[in-house]
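Every chain is numbered from 1 and lettered A, B, ... according to where its sequence line falls, protein lines coming before strand lines.
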Amino acid sequence: MNQHVLQIKNLHVSFNKKKNKSIAVNDVSLQVEKGQTVALIGESGSGKSMTSLSVLNLLPVNGKAERGSITFNGIDLLKLTEKQMRKIRGNEISMIFQDAIASLNPGMKVGVQITEGLKNHNIITKNERKSVALDLLDKVGFKNPEQVYHQYPEQLSGGMKQRILIAMAVSCKPKLIIADEPTTSLDVTIQRQVLDLIDYYKSDMDASVLLITHDFGIVAEYADWVYVMLGGHIVESADVYTIFQNPVHPYTKALIGSIPRPEMEQERLKSIQDYTFEKDYEGRQFAPETYTYESSSFQAPSSLVEIEPLYYVRFYDEKRMVTTIG
Amino acid sequence: MDNLLIKAQNLSKYFTDSSGVHKAVDGVSLNIHKGETLGIVGESGSGKTTLGRTIMRLYQPNHGQIWFEGKEITGLKDSKLRPYQKDIQMIFQNPYDSLSPRMTVGDILEEPLYIQKMGTKSERTEKAMKMLEKVGLPKTSYKKRIHEFSGGQRQRIGIARALIVEPKFVIADEPVSALDVSVQAQVLNLLKDLQTDMNLTCLFISHDLSVVHYMSDRVAVMYLGHLIEMAPKEELYHNPIHPYTQSLLSSIPVPDPERRRHQKEPVILPPKPLYPPQLVHVGNNHYVSADMIQIKDFEIENQQRVISNNK
C-alpha cells in the first residue's frame with residue numbers, strides 16, 4: 001500500500017473574514033494512488049476547488065489549511081517553505097485550471113509561456129527548450145506547432161488555449177496532474193478531446209490525475225475512484241463502478257438521479273427539493289445544512305463510515321452506522 | 001397544416017464588423033407545430049442564439065420570412081409587432097443579467113402586463129402572486145429583490161416573467177446552463193410541468209445534448225449557421241446520419257462506467273463550405289443537410305466504422 005502519490009488526511013481549510021471565520025473544507029481525507037484518476041465531485045460551494053488549491057499551497061490570502069496533513073511521495077506539503085514549494089509546483093505536481101483565458105498571459109507569446117516553465121525547472125539551452133516546446137505542441141494536437149509557438153493567446157480558440165495549458169502542465173513530466181474543471185467552458189466535442197489528452201498523458205507518463213468536476217458523466221468516463229463532496233465534507237467515497245451501481249448517500253443518489261440521460265427512458269428527473277443557500281455576512285454562498293431528497297431529509301453530517309471494505313459513506317442516519325473510522 | 005405555429009423560411013442574419021461579414025444564421029427553414037418543443041443544439045458560435053432572437057424579431061433578418069399563426073411578421077414595425085410580443089416570450093440564460101437588481105420581484109413580474117396594458121393594478125398584483133405560486137416561490141418573494149435569491153430561484157423568476165402574459169410560444173435560450181446539476185433538474189422539471197399546464201409551444205436552445213433530449217419532441221442540430229440535421233428525438237439520437245451529429249452524440253459523457261468507451265472515435269468537424277443548406281427528407285420525418293449521394297457516402301462510412309470497431 002505504499003503506492004500513494006498523494007494522501008490528504010483530516011484537512012481543514014478555513015477563511016478569515018472581518019468578523020468571523022468560515023470553514024470551506026472540513027475534515028477531508030483522500031488519497032490518489034499511482035496511475036489512478038481520482039475524481040472529486042461536488043456542486044458549487046462544496047469545497048472541492050479549495051481542497052485542490054491547498055495541495056499546492058495556492059489558497060487565497062485569507063484562506064488557511066489549518067489542521068491535517070497533505071503528503072506527496074512522503075513529503076508533507078503543508079510544512080514546506082514557499083521556496084521548497086516552488087520546486088514541487090510544475091515539476092512534481094502541476095495544475096490545469098478551469099479558465100484557460102485567465103490562466104494564460106495575454107501579453108506573452110505561447111512559445112515563451114511554455115518555455116518559461118522549462119527554464120525554471122530544468123537547465124537546458126534555449127534551442128533545446130524550443131524543440132521541447134514544439135514537440136509538446138505537436139503532441140497536444142496542433143498541426144502547425146511552429147506557427148502557434150509565435151502566436152498570442154488571443155489568436156487561439158478556447159479549446160486551443162486549454163490544450164496549451166495541458167502542454168504547459170505536462171512539460172516537466174509531473175507525477176500528479178490536478179485538473180480543476182478543465183473543460184467546463186468548452187463544447188462537448190472539444191471537451192472530449194481535452195479529457196482524452198489528459199488521459200493519454202496519464203498513461204504515457206505513468207502519472208496520476210486528481211480530477212475536480214461537477215459532471216458525473218465525466219466521472220463515469222475517466223475516473224477510477226470517486227469522492228463526493230458536500231458542504232466541505234466528503235460524504236461518499238468508492239470506486240467508480242460501486243458509486244454508480246449502488247450509491248448509498250442520498251446526496252449522491254440525488255446527483256446521479258438529476259442527470260438527464262438520453263440513453264434511457266426518463267419520465268421525470270429526480271431532484272433535491274429546492275433549497276436556499278445560507279449566506280455569510282459578505283453575501284457569499286455556502287451549502288445548506290439540511291437537504292430533502294425523495295422522502296428522506298439529511299444533513300451535511302459528521303463522521304465517515306466504512307460500510308464494506310474500502311467503501312466509505314458519511315451517514316446522515318446514525319442507526320445505519322456500522323463501524324466508525326478514524 | 002393548420003396547427004403550424006411558427007414557420008421560418010430561408011432565414012438569414014448577418015453581422016458585419018471590420019473583418020467582414022459573419023453569417024451567423026444562413027438559410028434556415030423550419031416549422032414548429034402547436035404544443036411541440038423543438039430543441040436546437042449546437043456548439044458555441046453555431047448561431048443557435050441568433051436564430052432564436054431572429055425568430056422572436058429581436059434581430060431584423062437579412063433574408064427570409066417568418067410566419068406566426070399564418071401571418072407574416074418579418075417586416076412589421078415595432079408598434080405593429082407589439083401584440084405578437086405578448087405571444088412570443090423569451091427565457092434567458094443568465095437571470096443575473098436579464099433581471100433588474102433595482103426592481104422588486106413584484107415589479108419585474110408586473111412590468112410585461114403593464115406594457116401589454118393587461119388588467120388593472122390590483123388584477124396585475126393578483127396575477128403576479130399566482131405566477132409566483134406556479135413557479136414554486138413563496139408569496140413573500142413579491143417584495144424582495146433579485147440579489148436575495150439563489151441561482152435556481154432567480155431562473156424561476158425569469159420563467160415567471162416570461163409566462164405571466166400567457167404567451168403561445170416561448171424561446172428558452174440555455175435556461176439552465178448557469179445552474180448546478182441538482183438545481184438544473186428542478187428547473188427543467190418545472191419548465192416541463194408549466195409547458196403541459198399552459199399548453200406552450202417551445203423552442204429550446206442548448207449546447208447540452210442530454211438536456212435537449214429531455215426537453216424536446218424534435219431536435220435540430222446547428223453548425224456554423226446552418227441546420228444540418230432535424231428529426232424526432234428518438235430517431236435523431238438512435239439513427240444520426242450526418243457525421244457531425246454522430247460526433248456530437250458520441251462526445252456526450254455517459255454517466256455509466258459500465259459503458260465506458262475504450263475505443264474512442266475521432267471527432268469530425270465539417271469544414272466551412274457545407275453541403276447545400278436545404279434539408280433533404282430521408283423518411284421518418286428525418287431531415288439531413290446533404291444530397292442523396294452524400295447520404296449514401298455517410299452510410300457506407302458508418303458501416304465501415306462499425307466493421308472496424310467490431311474487429
Q. Just by distance, do the side chain of A/R261 and the backbone of B/P255 share a donor-acceptor pair under 3.5 Å?
A. yes
Q | Whether A/E221 side chain and B/V254 backbone form a donor-acceptor pair below 3.5 Å | A | yes
Q) For the candidates B/H207, B/K192, B/E258, B/M215, which exhibits the highest count of non-hydrogen atom pairs separated by less than 4.5 Å from chain A? A) B/E258
Q. So how far is it from B/N189 CG to A/L269 CG, rounded to the nearest 0.5 Å?
A. 5.0 Å
Q. So how far is it from B/D256 CG to A/Y241 OH, rounded to the nearest 0.5 Å?
A. 9.5 Å
Q. For the side chain of B/E43 and the backbone of A/T189, is there at least one donor-acceptor N/O pair under 3.5 Å apart?
A. yes
Q) Rounded to the nearest 0.5 Å, how far apart are OG of B/S251 and CD of A/Q193? A) 7.5 Å
**Q.** Segment of A/V240 engaging chain B (4.5 angstrom heavy-atom cut-off)
**A.** both
Q: Starting at CD1 of A/I218, measure out to CD1 of B/I252 and round the result to the nearest 0.5 Å.
A: 12.5 Å
Q | Side chains of A/S258 and B/Q186 in contact at under 4.5 Å (non-hydrogen atoms) | A | no
Q) Short question: side chain of B/Y214, backbone of A/I259 - any donor-acceptor pair under 3.5 Å? A) no
Q.
Restricting to non-hydrogen atoms, name the atom on B/H213 and the atom on A/P262 that form the minimum distance, rounded to 0.1 Å.
A. ND1-CA, 3.5 Å
Q) Counting heavy atoms not belonging to B/E133, are there more than 12 under 6.0 Å from its CD? A) no
Q: List the atom of B/P253, the atom of A/D215, and the distance in Å for their closest heavy-atom pair.
A: CG-OD2, 4.4 Å
Q. Any donor-acceptor pair under 3.5 Å linking the side chain of B/D180 with the backbone of A/E43?
A. no
(Q) Is B/D193 close to chain A through its backbone or its side chain, or both, or neither, when contacts mean heavy atoms under 4.5 Å? (A) side chain
Q: Counting only heavy atoms closer than 4.5 Å, note whether B/L188 contacts chain A via side chain, backbone, both or neither.
A: side chain
